[in-house]
Amino acid sequence: MTVPAEAAHAPGCAPEEPLPRLETLKARADFLRAARARRQGTVAMMVQARRRDDGTSAIRVGFTCSKKLGNAVTRNRAKRRLRAVAREVLPKRGHPGWDYVLIGRPGETVSRPYQALKSDLIRALDKLHAKP
RNA sequence: GCGGAGGGCCGGAUGGCCGCGGCCCCUGACGGGGGUCGAGGAAAGUCCGGACUCCACAAGGCGACGGUGCCGGGUAACGCCCGGCCGGGGCAACCCGAGGGAAAGCGCCACAGAAAACAGACCGCCCCGGAGCCCAUCCGGGGUGAGGGUGAAACGGUGGGGUAAGAGCCCACCGCGGGCCUGGCAACAGGUCCGGCACGGCAAGCCCCACCGGGAGCAAUGCCGAAUAGGGACCGCAUCAUGGCCCGCCUUGGCCGCGCGGUCCGGGUUGGCAGCUCGAGGUGUUCUGGCAACAGGACAUCCAGAAGAAUGGCCAUCCAUCCCGGGAAUUCCCGGGAGGACAGAAUCCGGCUUACAGGCCCUCCGCGCAA
RNA sequence: GCGGGUGUAGCUCAGGGGUAGAGCGCAACCUUGCCAAGGUUGAUGUCGUGAGUUCGAAUCUCAUCACCCGCU
């Protein structure tokens, strides 16, 4: 369990080797393709993942927070927390050449403690990658 | 001290690590580094008013449709703001009011009641004549609208005189209407004289009067690139009926379509750039005019521009606030815990409305106490 | 950004100033050996919320909330 130790000095950690860059998913079609591929729900979010098989190696990630989350302020807050946790986890745990979509859930995405949110994403990624 | 009225302001602070968007500079090809700026009083609802852009462009009249509605002022404009008037509420400070016209017309006023709008008269009251010995009662004729009960509202109200009984029939006051005078720019107020009741309510029912309004909206609109043959633009010639030109009709112009020829662009879809942030600008101090809204001037200072959409994530301490335990009869101290309102720019301004934990300041009113 | 519509009984909807209604559903009873159907009777409402106009508002006016639908 490296999570507590990592959290202790996580803010200042300098990466040894250059981690793969994150790109933002923007086109509606990419979201629809990811939704048809693998998905895994957790307490605070739904994670969708898809291997692109187009030869490129970038990790792309998109975020969805619908009106069910609440008004504009809570939607923005949910999306920013998802973005923060993705930026911290995906470069190390994500697979190159995959697309990921993180979907916020009402209440939990905003109110869940940050460390729990983070372990939710790690556990979801492990399950998604383990699937055939 | 208690209770109340009006107005204004703030709406967490500091630090650390990791990040985001615009602009500038340096280094330089993917990139990296530095500097600087980066949400609100409501950014919200989209309820009004504008700026700006386009709609093939205008001028005038009539009519629809929509809006506004005491008076004066402010403003680019407004349905906003300021001052005043009138009506209503409150002991008061003060608050509330879609507040033009009901003798231009139409309509409605359920139930109850004799009668609901313009006159009439159900129970009554009174007089005369007759029937009846008289009374009671009945019949006929006439006067009356005082009394009764209904209703939200009943044909001016109260008091007195008067009368057969009554009645603005007469008188006083109030109310209503009209004339004149005074004050005021005006709404209106005050005074005086006359009339002698003749005009119930509803116009947020239709309506009448006055004033205002062309339509759409930055996803407007302009430009560039890729791509593709069904579309479109322009010019010239021809030209008849008719249709259309962002509510209808009319008048005066103007334009478009149908056919032939020529030239040019290139639909859907998708991407980029401009519009795009400096404007009736904001904030602070101050001067002049004004009761004020506001106007004019001086100085200083500030300026978010994204586009799956930045302005953040996490942590610590402090500050409000609350809870628990302990010491002191509350306030005070110590320890622990909880914990931060409503809410996120999307072309830009001026308003209105709505949401909002907690806190601060100023002015005023009533009551009580002390001096 | 612009525009439109709806809100009434558990459900679907009428009613457009004068006592809130219909159908389905629900409950009780009758009928039947039992059930269904049928019949009789009954209960049920802050008329989304708050102000205003009016003697009187589900209805008219204003504000507000929620939901739905168009156009670009």
Side-chain angles (χ1 to χ4, degrees):
Chain A
M1 289 301 127
T2 61
V3 171
E6 192 179 74
H9 71 290
C13 70
E16 307 297 323
E17 82 268 24
L19 290 172
R21 293 177 44 75
L22 284 182
E23 289 180 15
T24 308
L25 211 58
K26 290 184 179 179
R28 173 176 164 77
D30 287 331
F31 281 85
L32 295 177
R33 275 195 287 272
R36 278 196 299 272
R38 312 176 178 190
R39 66 179 62 192
Q40 177 63 45
T42 69
V43 178
M45 72 187 87
M46 166 78 73
V47 182
Q48 299 170 339
R50 164 177 163 267
R51 179 167 31 202
R52 289 201 303 278
D53 287 327
D54 62 351
T56 59
S57 67
I59 298 178
R60 303 198 301 177
V61 59
F63 306 92
T64 296
C65 289
S66 73
K67 269 194 174 175
K68 285 181 195 165
L69 275 284
N71 60 20
V73 173
T74 53
R75 286 203 306 275
N76 274 340
R77 174 166 288 271
K79 199 184 289 185
R80 284 161 179 162
R81 297 192 86 207
L82 289 180
R83 217 180 347 244
V85 78
R87 189 164 50 233
E88 198 174 337
V89 170
L90 276 180
K92 285 172 280 187
R93 300 288 193 130
H95 287 183
W98 283 51
D99 283 351
Y100 299 93
V101 173
L102 275 58
I103 302 171
R105 311 185 86 165
E108 288 298 325
T109 306
V110 171
S111 65
R112 196 157 168 80
Y114 186 73
Q115 292 305 322
L117 196 70
K118 200 167 140 187
S119 54
D120 277 352
L121 177 58
I122 291 171
R123 200 168 305 124
L125 288 179
D126 288 345
K127 286 194 180 179
L128 285 168
H129 293 150
K131 287 184 181 176

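Below, chains carry the letters A, B, ... as their sequence lines are ordered, and counting in each starts from 1. Quick caveat: nothing in here was measured; it's all calculated off a predicted structure.
Between Leu82(A) atom CG and rC314(B) atom P there is a gap of 11 Å when expressed in whole angstrom units. Whole-Å rounding puts the Arg87(A) CZ to rC314(B) P distance at 11 Å. With rounding to whole Å, Lys79(A) atom NZ is found 7 Å from rA310(B) atom P. With rounding to whole Å, Glu88(A) atom CD is found 11 Å from rC315(B) atom P. In this structure, Arg83(A) places its CZ atom 16 Å from P of rA306(B), rounding to the nearest Å. Rounded to whole Å, the distance from CG on Asn76(A) to P on rA43(B) is 18 Å. Atom OH in Tyr114(A) sits roughly 16 Å away from atom P in rG312(B) (whole-Å rounding). In this structure, Asp99(A) places its CG atom 14 Å from C1' of rG308(B), rounding to the nearest Å.
Remark: the separation of the C1' atoms in rG190(B) and rG99(B) is 23 Å, to the nearest Å. Nucleotides rG148(B) and rG129(B) are separated by 32 Å at their P atoms, to the nearest Å. Comparing the P positions of rG84(B) and rA93(B) gives a spacing of 14 Å, expressed to the nearest Å. To the nearest whole angstrom, the two P atoms, one in rG326(B) and one in rG358(B), are 29 Å apart. rG52(C) and rG10(C) have their P atoms separated by 29 Å, with the value rounded to a whole Å.
Along RNA chain B, the nucleotide nearest to Arg112(A) and the one nearest to Asn71(A) differ in position, and the one closer to the 5' end is contacted by Arg112(A). Comparing Cys65(A) and Thr74(A) against RNA chain B, the residue whose closest nucleotide sits nearer the 5' end is Cys65(A).
rG308(B) has no base stacking with the ring of Phe63(A) when judged by centroids under 5.5 angstrom apart and an interplanar angle below 30°.
Classified by its glycosidic torsion, rG41(B) falls in the syn category, the angle being within 90° of 0.
Nucleotide rU285(B) forms a pair with rA298(B), judged by Watson-Crick or G-U wobble geometry with both contacts under 3.5 Å. rG28(B): no Watson-Crick or G-U partner with both key distances under 3.5 Å is found in any strand. Checking rU353(B) for Watson-Crick or G-U wobble geometry (two distances, each under 3.5 Å) identifies rA44(B) as its partner.
Within the 4.0 angstrom heavy-atom criterion, only backbone atoms of the sugar-phosphate kind lie near Arg81(A); the bases stay farther away. As judged by a 4.0 angstrom heavy-atom cut-off over every strand, Thr64(A) is placed among the base-contacting residues.
Judged by distance alone, the side chain of Arg51(A) and the main-chain N or O of Gly97(A) form no donor-acceptor pair under 3.5 Å. Under a 3.5 Å cut-off, the side chain of Asn71(A) and the backbone N or O of Thr74(A) do form a donor-acceptor pair. Within the 3.5 Å criterion, the main-chain N or O of Phe63(A) finds no donor-acceptor partner in the side chain of Arg83(A).
Proximity note for Ala84(A) (side chain, C-beta onward) versus rG313(B), rG344(B), rA309(B): the nearest is rG313(B).
An OP1 or OP2 oxygen of rG344(B) is reached within less than 4.0 angstrom by no side-chain nitrogen or oxygen of Arg77(A).
Between His95(A) and His129(A), the ring planes lie parallel to each other; the angle is under 30°, not in the 30° to 60° tilted range.
Between Arg33(A) and Asp99(A), no side-chain nitrogen of the basic residue sits less than 4.0 Å from a carboxylate oxygen of the acidic one, so the salt-bridge criterion is not met.
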